[in-house]
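Scroll down for the structure; my scribbles are underneath it.
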2 protein chains.
Amino acid sequence: MSEPSAYQHLKSIVQIQLPHLNEQDFSFFEENGEIITLEKNETWELEGKVSQYMAFVHYGLMRQFGINDGNEFTVDFFKEGEFAGNYISFQNNLPSELITQALEKTELIVLSFKRFLELVEMLPDLQAFSDMVGNQKLLKMHRRNNTLLKNSPEERYDLFVEDHQDLIHRIPQYIIAQYLGIRPESLSRIRKRRM
Amino acid sequence: MSEPSAYQHLKSIVQIQLPHLNEQDFSFFEENGEIITLEKNETWELEGKVSQYMAFVHYGLMRQFGINDGNEFTVDFFKEGEFAGNYISFQNNLPSELITQALEKTELIVLSFKRFLELVEMLPDLQAFSDMVGNQKLLKMHRRNNTLLKNSPEERYDLFVEDHQDLIHRIPQYIIAQYLGIRPESLSRIRKRRM
DNA sequence: CGATTTCATTGACTTTGGTTAAGAAAGTAA
DNA sequence: TTACTTTCTTAACCAAAGTCAATGAAATCG
């Protein structure tokens, strides 16, 4: 039995919301998407330009990060079955301050935001799916905000372990530290206390 | 000359986006909105229930905050001409963890999210306005996130002063401290260094 | 495989922010 | 105005995270 393709994977995710989506409808993705494979540490999008693309992660793991006087801060992770991109940059026509980089060998379906919006025009059913994805991102950002405000670095680490059990062994510690907003040495000490 | 009413104020804000909105169209707001006046420290929405309402601030100032083992954390401020509400709670049918409270005597136009969405159905022009407001909120949340991750409390204070020049004398220090994610004593020390 | 680079941990020390407690200043109400 | 409450500041002390440097482990690469 062969591995499911990236498009089959995407289709299966879309169909959770839209069970009646047929092959014809779905073909739009194949016609407009582009498959990209990234090696570990390769970047997909750089900062400084207005983001034009979204990406569906077929397999692998990426992070989105920025740099502030030489220090990296990691904003988010995108794993298999999730969508990556900087819609805020696209929507507001603002240069992205974020870099997207593969933490593992990663395969993506890349689609331009513009074309995706055209697709939604043509297939209004897709609106519900698009809203769902956008809404999940929003909820995630809202929770991240609250956590950064109300929890200590130590609590944030515990919550990260709870919520991302599957990722803790796929992400280097110094990047988890960036995500928590602390230095790697501090994370190392927190982990020591936890043993 | 009489003061402009709350509805005139709202209309003037909507018309920035929609110059062609006529009185007829606009009457929907007056028919479906409710004017509420809050005294200083009065709460508008409490936590624990799914949010159903949005509010336009005619005059005054509100804050949105949560409580985490007895400690308050302030998420956002809403001043005159801005929109308050917890759309994420409404949209996801999740009980809000946030309380909205007036920091000054405040007058609001309150409108249910549900009715507002119906209004947008009836007047598709309003979609652009609604999108603009939603988009501004999103951008604001994105920036807040980045700031909490990449800037020190001291830098966050400086940025707050820059970005909210008009608010620093209207918000008690201990609430600004909550917004910055630090204790009031720490804010006091930071302010002392700034002199 | 060994050589090299990257990453994680540890220790000593510094800095920053949190805690507690007290008192000053400002705001509010009688 | 006084009396009362709330908010802000200060100080001394503590705890946590940052910094710097060294070491060792793990991953990567030729």
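All chains are named by letter (A, B, ...) in the order of the sequence lines, taking the proteins before the strands, and each is independently numbered beginning at 1.
Residues satisfying the side-chain contact (heavy atoms from CB on, under 4.5 Å) criterion with B/Glu72, sequence neighbours excluded, are B/Arg63, B/Phe65, B/Ile67, B/Gln178. Considering only residues two or more places apart in sequence or on other chains, A/Asn71 meets the side-chain contact (heavy atoms from CB on, under 4.5 Å) condition with A/Asp69, A/Arg183.
Atom-to-atom distance recorded for B/Asn146:CG and A/Glu97:CD is 5.5 Å, nearest 0.5 angstrom.
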Notebook entry, point to check: So B/Arg115 and B/Asn32, side chain to side chain donor-acceptor pair (under 3.5 Å) or not? Walk me through it.
Noted result: CA-CA 8 Å; B/Arg115 275 194 184 277; B/Asn32 291 278; 3.0 Å; yes
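B/Phe77 and B/Tyr179 have tilted rings, their planes meeting at an angle from 30° to 60° on a 0 to 90° scale.
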Checklist line | Per-nucleotide protein contact string for nucleotides 4-20 of chain D, where B marks a base within reach and S marks sugar-phosphate only (heavy atoms under 4.0 Å, - for neither) | finding: ---SSBBSB----SBBB
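A/Arg144 has no carboxylate O lying under 4.0 Å from a charged side-chain N of A/Asp76, or vice versa, which leaves the two without a salt bridge. A salt bridge is absent between A/Lys150 and A/Glu155: the closest approach of a Lys/Arg side-chain nitrogen to an acidic carboxylate oxygen does not fall below 4.0 angstrom.
Cluster partners of B/Ile16 are absent, since no Ile, Leu, Val, Met, Phe, Trp or Tyr has side-chain heavy atoms less than 4.5 Å from it.
For DNA chain C, the contact window with chain B, defined by any atom under 4.0 Å from a protein heavy atom, covers C/dG17 to C/dT28 in 5' to 3' order.
Note: A/Phe83 and A/Phe78 fail the aromatic proximity criterion, with ring centroids not under 6.0 Å apart. Between A/Phe29 and A/Phe56, the ring centre distance reaches or exceeds 6.0 Å.
Near-neighbour residues of DNA chain D inside residues 60-80 of chain A, defined by a heavy atom below 4.0 Å, are absent.
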